[in-house]
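Basis for what follows: all heavy atoms, side chains included, without hydrogens, waters or symmetry-related copies. Naming convention: chains lettered A, B, ... in sequence-line order (proteins, then strands); numbering from 1 in each chain.
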There are 2 protein chains.
Amino acid sequence: MVVDGLDETDGVDRLFHALADATRRDILRRCGRGELSVSRLAAAYPMSFAAVQKHVTVLERAGLVGKERRGREQLVRTDPDALARARRALDELESAWRARVDRMSGLLTEAAGPGTPAKGPDR
Amino acid sequence: MVVDGLDETDGVDRLFHALADATRRDILRRCGRGELSVSRLAAAYPMSFAAVQKHVTVLERAGLVGKERRGREQLVRTDPDALARARRALDELESAWRARVDRMSGLLTEAAGPGTPAKGPDR
DNA sequence: TCCATCTACAACCATTTGGTTGTACGTTAA
DNA sequence: TTAACGTACAACCAAATGGTTGTAGATGGA
């Protein structure tokens, strides 16, 4: 690992990793308002309470949900900005990718020039 | 696992999982055009050729890149539509989530007839 | 032809994941 | 106070991940 270092890599890792599980995506869908407690959530899935708890923790560390205590229960709410952050990560990816395409097209177009267009490895 | 069944779960899983690694995201950034062979790519990372090969395989099974053989080398190109698919998955997630929020807000609104102006939405 | 290169893939290993059960603790209701 | 509920967390386990090395098959160039 540790290839990037430029963007907030770990955060993006956690974001996409959290999204890469159907149960966790379903939790996100359900928790628009902070109305669902962890145990209420857990009742909806064919797995133990502890397992759902872990999924919520993963979502929480990815910044996709927050928890708010109400009495003895813990209400889960998905962060409205979180998906926007994921979208931004995709945008960044796409724009970097597109820029590279353009740059390469440009290089190919003016390919005649001898002037070492190199020096543009990564980044 | 197997909670959804409604959307094309496995594909989305593979998509986000593929995106949840900095090296793989970097490969995506680089491979806008099909100009980079696997070994060329591998030279850019502090890991073995086989490791990079595996990353490319993960990206390929997620539909994020395609490979095209040219002579003895295999050129990698990111699929322009792939990120769009990821974006759509996010959209689906957000819309489902938002629908749920609206539905709940609706219920709350018509439940709070007389008093209880409370329900003070934080923030 | 022979050799270097590029790729594919198997075998192996350490760590992480996703699940389980069990225990402990705070809070609410009887 | 006591019992039930909701949560937190540790310990454990099987399977998947991310990495390694090694071997073998194609391809291209000398």
(Q) Restricting to non-hydrogen atoms, name the atom on Thr78(B) and the atom on Gly32(B) that form the minimum distance, rounded to 0.1 Å. (A) CG2-N, 4.0 Å
Q. Rounded to whole angstroms, how far apart are CD on Glu73(B) and C1' on dA4(C)?
A. 14 Å
Q: Can you tell me the distance, in whole Å, between the NE2 atom of His17(A) and the C1' atom of dA16(D)?
A: 11 Å
Q: Not counting sequence neighbours, which residues clear side chain to side chain donor-acceptor pair (under 3.5 Å) with Asp91(A)? List them please.
A: Arg87(B)
(Q) Counting only side-chain nitrogens and oxygens, does Lys67(A) get under 4.0 Å of the OP1 or OP2 atom of dA8(D)? (A) yes
Q.
For Arg98(B), give me all partners under side chain to side chain donor-acceptor pair (under 3.5 Å), at least two apart in sequence or on another chain.
A. Glu94(B)
Q) Rounded to whole angstrom units, what separation is found between the CD atom of Glu60(A) and the P atom of dT7(D)? A) 13 Å
Q: Calculate the interatomic distance between Arg69(B) atom CZ and dA26(D) atom P; express it in whole Å.
A: 11 Å
Q: Using only side-chain N and O atoms of Arg70(A), determine if any of them is under 4.0 Å from OP1 or OP2 of dG6(D).
A: no
**Q.** Hydrophobic cluster identity match, Leu36(B) and Val38(B), side-chain contacts under 4.5 Å
**A.** yes
Q. Quick one: Asp21(B) CG to dA16(D) P, roughly how many Å, whole number?
A. 19 Å
Q. If you find the nucleotide of DNA chain C closest to Arg24(A) and the one closest to Val38(B), which residue's nucleotide is nearer the 5' end?
A. Val38(B)
Q.
How many whole angstroms separate atom CG of Leu41(A) from atom P of dC5(D)?
A. 19 Å
(Q) The criterion is side chain to side chain donor-acceptor pair (under 3.5 Å); which residues satisfy it with Arg70(B), sequence neighbours excluded? (A) Glu73(B)
**Q.** Atom-to-atom span, CZ of Phe16(A) to C1' of dT17(D) - whole angstrom
**A.** 19 Å
Q: Would you classify Arg40(B) as touching base, sugar-phosphate or nothing, given that sugar-phosphate means primed atoms plus P, OP1 and OP2, and contacts are heavy atoms under 4.0 Å?
A: nothing
**Q.** Where at least one partner belongs to residues 36-50 of chain B, residue pairs that pass salt bridge (Lys or Arg N to Asp or Glu O under 4.0 Å), sequence neighbours excluded
**A.** none
Q. How close or far is atom C1' of dT15(C) from atom CE of Met47(B), stated in whole angstroms?
A. 16 Å
(Q) Under 4.0 Å from OP1 or OP2 of dT7(D): is there any side-chain N or O of Ser39(A) that close? (A) yes
Q: Check DNA chain C against residues 48-56 of chain A and give the residues with a non-hydrogen atom under 4.0 Å, in numerical order.
A: Ser48(A), Ala50(A), Ala51(A), Lys54(A), His55(A)
Side-chain donor-acceptor pairs under 3.5 Å in residues 49-67 of chain A, sequence neighbours left out?
residue, atom, partner, partner atom, Å
His55(A), ND1, Arg24(A), NH1, 3.1
Thr57(A), OG1, Gln53(A), O, 3.0

